[in-house]
There are 2 protein chains.
Amino acid sequence: MPPKRRTKARKQPLQQRSRETVAVILEAAARVLEARGLEGYNTNAVAERGGISVGSVYQYFPNKDALTLALITRFEDALLAKVRDAVAASEGKSLTASLNLIVRAQLEAHAERAGLNRILEAEEDRLRPASSGTSAAGELKELVADLLARHRREIARPVDDDAVEDLIVISRAMVDHALQNDLSQAAATRRVLRAIEGYLFGPRPDS
Amino acid sequence: MPPKRRTKARKQPLQQRSRETVAVILEAAARVLEARGLEGYNTNAVAERGGISVGSVYQYFPNKDALTLALITRFEDALLAKVRDAVAASEGKSLTASLNLIVRAQLEAHAERAGLNRILEAEEDRLRPASSGTSAAGELKELVADLLARHRREIARPVDDDAVEDLIVISRAMVDHALQNDLSQAAATRRVLRAIEGYLFGPRPDS
DNA sequence: CCATAATGTGAGTAATTGCTCATATTCCAC
DNA sequence: GTGGAATATGAGCAATTACTCACATTATGG
């Protein structure tokens, strides 16, 4: 056990000035990751890029991982917001149309800063204590579950929690794959939808 | 550019003795990863665990990443072998039965040393120069493509390369997810198959 | 056996980097 | 104003670790 390790930030940002500093730190971290990758991502570089001092970084983030985690959360929140909007906008539409909107939302969220988001997703595994569901993940499940419940008569088999989980896993993997291979949004949407709709509507021949 | 970096091993193992050393190194690396995670994974620990000296590690691996990559390749080869066997064993069987065998093979390959394999898959992203298809990945695609071609009359839509890619992406993501959540092999198989068959047989309502 | 090649050794080095803390500066309440 | 709190600074420490190299040991072919 390496002696100890700070788990809480030294200070909470109270004044306007410090809140701006936190924003500067986050954006600087994002830019360093984009420009130099995980390889060149260190707190000194972040401070330099943000035009502030390392000390300031450690005023508001207990350690480097906490900073990275904050970036991850920021991305997840943005993704969730887009999906929420898509679900809201799909009120009254058919299930297929709704799914289309949601898939597009996910693709857009990832595409915005593809390089950065890819790195963050990879780091997520390392940083999140095994199987600790985030609130963002929970809300995403709820959103999808509600949408499917609303359309339950269009779906053959009842949709349980496992199915929702599977749909999210499938979408995420395919969206990542699409971005990695620079697929057009149209192609990516088509392929993800085929998988999702197949899962929902597809036949289950055997017992 | 950090000055330089060895890209080739100092020596190739020629005699029996050194071939054994290489095996010892690989297994030691695997055990360190299993016992202490990426965190405690360093070349000195690997040497100690293997009961050899660091110098020996660097006789046969130019750098730490090359060692990790060798572990990844080893895992991929094992996976591929299992899938190959499954495909061979599915000669004459129905498509559903064949897919069942293949999915099981994948689950087994991952389950064998789940903790280790999970770490290796995460490292793969970091270590493989963006979008460099490995021969293992290529052969997997071939195997799947051939199997599907053999059963093409049972599938509504023609199966192109993209579809094969998608099927592999979906399987992989779901298998990873299943292992992460300690799903029973039965449950995992059922869910992965539902996704795969849905993708293959599922209806495509719109244009 | 002997010369040569192959293999093995491990203390040490060089470089990186996360993070601290003593100090300085800025802000706000009164 | 003024005093105390909040915020900012950045040189440098401490720890880690990938990797080297001069040397010892072991194998092999003739």
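To find a chain, count down the sequence lines: A is the first, B the second, and so on, and within it residues start at 1.
- Comparing B:Arg17 and B:Tyr41 by the nucleotide of DNA chain D whose heavy atom lies nearest to each, the residue mapping closer to the 5' end is B:Tyr41.
- Taking side-chain N and O atoms only, B:Lys11 has no distance below 4.0 Å to OP1 or OP2 of C:dA6.
- Rounded to an integer number of Å, the gap from B:Gln59 CD to D:dC21 P is 12 Å.
- Put simply, CD on B:Gln16 is 15 Å from C1' on D:dT28, counting in whole angstrom units.
- Taking atom OH of residue B:Tyr58 and atom P of nucleotide C:dA14, one finds them 17 Å apart after rounding to whole Å.
- A donor-acceptor distance shorter than 3.5 angstrom exists from the side chain of A:Arg194 to the backbone of B:Tyr199, with no hydrogens or angles considered.
- Taking atom CZ of B:Arg19 as the reference point, atom P of D:dT26 lies 20 Å away to the nearest angstrom.
- Taking side-chain N and O atoms only, B:Thr43 has a distance below 4.0 Å to OP1 or OP2 of D:dA18.
- In this structure, B:Ser56 reaches the bases: a heavy-atom distance under 4.0 Å links it to at least one base atom across the strands shown.
- Atom-to-atom, OH of B:Tyr60 to P of C:dT7 comes out at 4 Å; the value is rounded to the nearest Å.
- A donor N or O paired with an acceptor N or O is not found under 3.5 Å between the base of C:dC19 and the side-chain atoms of A:Asn42.
- Residue B:Lys82 comes nearest to B:Ala105 through the heavy atom pair O-CB, 3.8 Å, listed as atom of the first residue, atom of the second, then distance.
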